[in-house]
Amino acid sequence: MSDQHGPRRLVLHIGVQKTATTAAQQFLQANAAALKPWLTLFTPRKGTSAQQLGRQAFEYSRAPSAESEAGFIEAIRAMKAELEQTTGTVLISHENLVGAPPGSYGETQLYPFIGRIVALLDAHFAPYRPEFVYYTRDMAGWKRSLHNQIVKTDGYTGTWDAFQTMAAPIADWDGFHARLCAAAGPDRVTAFRLENQVSRDRPGQQMLRYLGVPEKQLARLEPVVGARNESLNAGALEFMRRANAAGFNPYNLTKLGVLVAASQSLFSPSVVLTQE
């Protein structure tokens, strides 16, 4: 590939959901100018090709079909067109590139379409050869946080007990990692543990080291500030779960979720979630 057009290195940060991806994106975006000598950054800001790329990967995993595959391919090609205007290392960060998580819109497995997603990314980003990086965390804590998230944003109606039963066969990250390595090759896959993150205010530093950012530069980066994608307290969570079950349209549920997240003091943090 020419050194004048397109990235010499393309790295896809594929999440996964509930591993501080949003906080890392906020941190990276706030420091994009300082990181420019080492990488060009694309995050899922509203109206961007990166946002559409993750959205179409998610939709493809929800309902694989010729139509959803075509939408995903179109999003990849649009993103590739932007890459052609860059040089050096490019980082694209979007947690939905792995597809829908367990419990979201009927999914019961741990990212079962990752192999097909990687194949499409490889085929349509060619000649660029993407590297894939992702974070994991303790599975029990991840499941608890994920249940909270899909109730808050994905219309999930199940209780925590129901979610645990559904997700019980998912015991660890080994199977997902093996499938990702089988699709991309182990030389293109790197996993980080969220628990090894040194600073909560400077998320994503393991990934930045992997990308070649020097330690001196990491120390100069501004810490992330502002709201994060925090879990709902128990009362707010139960309110949203019941609202999901009431059958409101998705647009109204999304607006309601934003209001509930911003008004958690109105809900008891110690409510007992009902078993159904």
Side-chain angles (χ1 to χ4, degrees), residues 1 5-19 21 24-25 39-86 89-136 154 170 173-192 207 210-211:
M1 287 181 288
H5 300 287
R8 289 185 297 242
R9 186 182 183 194
L10 174 58
V11 180
L12 304 183
H13 173 212
I14 58 175
V16 298
Q17 294 100 343
K18 307 313 299 177
T19 57
T21 306
Q25 289 166 351
L39 62 94
T40 300
L41 174 68
F42 293 93
T43 58
R45 292 181 293 172
K46 186 176 181 179
T48 63
S49 296
Q51 181 193 44
Q52 190 67 8
L53 180 67
R55 179 178 294 166
Q56 291 299 324
F58 190 92
E59 292 301 320
Y60 173 68
S61 78
R62 282 183 58 193
S65 66
E67 182 179 0
S68 62
E69 181 175 311
F72 186 29
I73 291 171
E74 182 180 355
I76 298 170
R77 290 174 175 171
M79 188 76 252
K80 181 182 175 183
E82 291 200 36
L83 302 186
E84 298 288 355
Q85 308 306 313
T86 68
T89 295
V90 165
L91 173 65
I92 302 173
S93 176
H94 202 308
E95 65 182 10
N96 288 340
L97 281 172
V98 285
S104 180
Y105 301 103
E107 183 56 71
T108 61
Q109 301 178 62
L110 189 64
Y111 308 115
F113 295 102
I114 189 62
R116 292 162 70 172
I117 288 171
V118 167
L120 290 169
L121 290 167
D122 277 353
H124 298 285
F125 271 133
Y128 310 117
R129 193 167 181 260
E131 301 167 44
F132 299 88
V133 300
Y134 72 101
Y135 280 79
T136 67
D154 292 6
I170 304 171
W173 297 98
D174 294 349
F176 168 73
H177 188 78
R179 286 184 284 111
L180 181 55
C181 287
D187 62 313
R188 289 198 287 151
V189 177
T190 301
F192 305 108
M207 181 167 58
Y210 170 81
L211 289 162

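Residue numbers run from 1 in the order of the sequence given.
Geometrically, R188 does not engage Y128 in a cation-pi contact defined by less than 6.0 Å to the ring centre and at most 45° from the axis.
Shown here for I170 and P102, the closest heavy-atom pair between the two residues is CD1-CG, 3.6 Å. When every heavy atom of A100 is checked against every heavy atom of S61, the shortest pair comes out as N-OG, 2.8 Å.
No side-chain donor-acceptor contact under 3.5 Å links S93 to the backbone of Q25. Between the side chain of Q56 and the backbone N or O of Q52 there is no donor-acceptor pair closer than 3.5 Å. Using a distance-only test at 3.5 Å, with no hydrogens or angles considered, a donor-acceptor pair links the side chain of K80 to the main chain of A126.
A heavy-atom distance below 4.5 Å is found between the side chains of I73 and L120. When side chains are defined from C-beta on, L12 counts as touching L121, because their heavy atoms get closer than 4.5 Å. The side-chain heavy atoms of V98 and F176, taken from C-beta on, include a pair separated by under 4.5 Å. Residues F72 and L53 meet the side-chain proximity criterion, which asks for heavy atoms closer than 4.5 Å. Contact annotation: the side chain of T21 never approaches that of V16 to less than 4.5 Å [non-hydrogen atoms, C-beta and beyond]. Between V189 and H177 the shortest side-chain heavy-atom distance falls below 4.5 Å. Contact of the T89 side chain with the P7 side chain is not registered, since no non-hydrogen atoms from C-beta on lie closer than 4.5 Å. Residues L83 and I92 meet the side-chain proximity criterion, which asks for heavy atoms closer than 4.5 Å.
A distance of 3.5 Å separates OG in S49 from CD in E82, rounded to the nearest 0.5 Å. Atoms CZ and CE, on F192 and M207 in that order, are 7.5 Å from each other to the nearest 0.5 Å. Here CG of L91 is found 10.5 Å from CD of E131. Values are rounded to the nearest 0.5 Å.
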Show me the donor-acceptor pairs within less than 3.5 Å that the side chains of residues 104-115 make with the rest of the protein, sequence neighbours left out.
residue : atom : partner : partner atom : Å
S104    : OG   : D154    : OD2          : 2.6
E107    : OE2  : Q109    : N            : 2.9
Y111    : OH   : Q17     : OE1          : 2.4

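Take T40 and apply the side-chain contact (heavy atoms from CB on, under 4.5 Å) test, not counting sequence neighbours, and it matches K36, F42, T86, V90. Partners of H94 by side-chain hydrogen bond (donor to acceptor under 3.5 Å, both in side chains), not counting sequence neighbours: none found. Scored by the side-chain hydrogen bond (donor to acceptor under 3.5 Å, both in side chains) test, Y135 finds no partners at all (sequence neighbours excluded). Under the rule for a side-chain hydrogen bond (donor to acceptor under 3.5 Å, both in side chains), the partners of S65 that lie at least two apart in sequence or sit in another chain are S68. With sequence neighbours left out, T43 forms a side-chain hydrogen bond (donor to acceptor under 3.5 Å, both in side chains) with Q29.
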**Intermediate values then yes/no, side-chain contact (heavy atoms from CB on, under 4.5 Å), V118 and F132** = CA-CA 9 Å; V118 167; F132 299 88; 3.9 Å; yes
**Message:** Determine whether E74 and R77 satisfy the following criterion, salt bridge (Lys or Arg N to Asp or Glu O under 4.0 Å), listing intermediate values before the conclusion.
**Reply:** CA-CA 5 Å; E74 182 180 355; R77 290 174 175 171; over 6 Å; no
**Request:** Any chance you could lay out the salt bridge (Lys or Arg N to Asp or Glu O under 4.0 Å) test for D187 and R129, step after step, and finish with the verdict?
**Result:** CA-CA 11 Å; D187 62 313; R129 193 167 181 260; 3.4 Å; yes
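For the residue pair E95/Y134, the side-chain donor-acceptor check at 3.5 Å is not satisfied.
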